[in-house]
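Note that the coordinates shown come from a computational prediction; the quantities given were computed from them, not determined experimentally. Heavy atoms only: backbone and side chains are in, while hydrogens, waters and symmetry mates are out.
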Amino acid sequence: MKNFRSIFILSLFLANVFTFNAKAQTSFGINFELAQPYFADRIIDINVVPGVEIPLNFANMGDADNIGMGVSGEIEHRVSPRATVYGKAGFIKWNVLDEGLLHSSVIAVPIVGGAKFYIVDGLYGMLEAGMHQVTSKAGVQFIIAINQKEKDNLLSIAPGIGYELDLGNSKLDLGLKYTFVNNQFNYLGITAGINLPTQR
């Protein structure tokens with residue numbers, strides 16, 4: 001929790017520094033994301049009866065059912081003609097397992113900071129880093145319902161590429177990124193969002 005708080009405070013500090021230095025636009029945006037998991041260690045253990053544990057993870061990785069859906073809000077500052085910095089917070093949910101007696105889900109709340117580096121007009125590479133607060137829920141319904149929940153704060157880093165399409169007073173931002181979450185699970189994210197600029 002201490003690391004989580006420190007990263008959040010540092011992100012706010014950097015955002016304020018760049019706000020004062022930026023002579024171009026400050027953008028506020030909302031992004032929607034589809035996230036396909038590609039690697040996962042054990043997410044949670046269900047204790048069905050004392051001494052008997054069932055480990056759950058992202059089962060059947062290729063199934064479309066395991067694609068997570070999420071939304072995030074973003075504030076972005078242009079610090080040069082070819083670079084912007086941003087801070088972002090969001091929410092992603094995966095329904096990992098829902099078969100018969102067992103059900104399991106994972107919710108991630110990413111709070112990250114990042115930078116975009118423009119290659120040509122509209123096309124950019126990006127790198128973001130921060131924290132994912134991950135909550136794993138699992139349960140079994142038999143004679144009685146047994147439910148468990150675990151919460152972790154995990155470091156994350158995500159390289160990616162994107163393209164911004166100018167719509168006049170706003171921009172359509174399309175992106176593709178691969179997020180590494182503390183070697184516990186990784187996911188490929190496809191994002192689409194709208195950025196609304198405000199002049200400083």
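Residues Y86 and I194 do not share a hydrophobic cluster, clusters being chains of Ile/Leu/Val/Met/Phe/Trp/Tyr side chains in contact below 4.5 Å.
The distance from the OH atom of Y124 to the OG1 atom of T84 is 8.0 Å, given to the nearest 0.5 Å. Rounding to the nearest 0.5 Å gives a distance of 11.0 Å between CZ of R78 and OG1 of T26. Once rounded to the nearest 0.5 Å, the distance linking OG1 of T135 with NZ of K151 reads 4.5 Å. To the nearest 0.5 Å, atom OG1 of residue T191 and atom CD of residue E33 are 6.0 Å apart. To the nearest 0.5 Å, atoms CG (D166) and CG (N195) are separated by 11.0 Å. Put simply, CG on L188 and CD1 on I67 are 9.5 Å apart, with the number rounded to the nearest 0.5 Å.
Using a 4.5 Å heavy-atom cutoff, the side chains of F180 and P159 are in contact.
Here S156 pairs with V112, H132, T179, V181 under the side-chain contact (heavy atoms from CB on, under 4.5 Å) rule; sequence neighbours left out. For A192, the side-chain contact (heavy atoms from CB on, under 4.5 Å) test picks out L174, with sequence neighbours left out. Residues passing the side-chain contact (heavy atoms from CB on, under 4.5 Å) test with K93, sequence neighbours excluded: F91, N95, S105, I107. L165 meets the side-chain contact (heavy atoms from CB on, under 4.5 Å) test with Y163, L167, L172; sequence neighbours excluded. Residues satisfying the salt bridge (charged side-chain N to carboxylate O under 4.0 Å, His left out) criterion with K171, sequence neighbours excluded, are E164.
Annotation for N169: atom CG does not count as buried by contact number, only 12 or fewer foreign heavy atoms lying within 6.0 Å.
Listed here is the closest heavy atom pair of Y178 and N186: OH-CB, 3.4 Å. G193 approaches N31 most closely through the heavy-atom pair CA-OD1, 3.4 Å. Considering every non-hydrogen atom in both S72 and K88, the closest pair reads OG-CD, 3.4 Å. Across all their heavy atoms, L196 and S170 have their closest contact at CD2-CB, 3.6 Å.
The hydrophobic cluster containing V71, built from Ile/Leu/Val/Met/Phe/Trp/Tyr side-chain heavy atoms closer than 4.5 Å, also comprises I30, F32.
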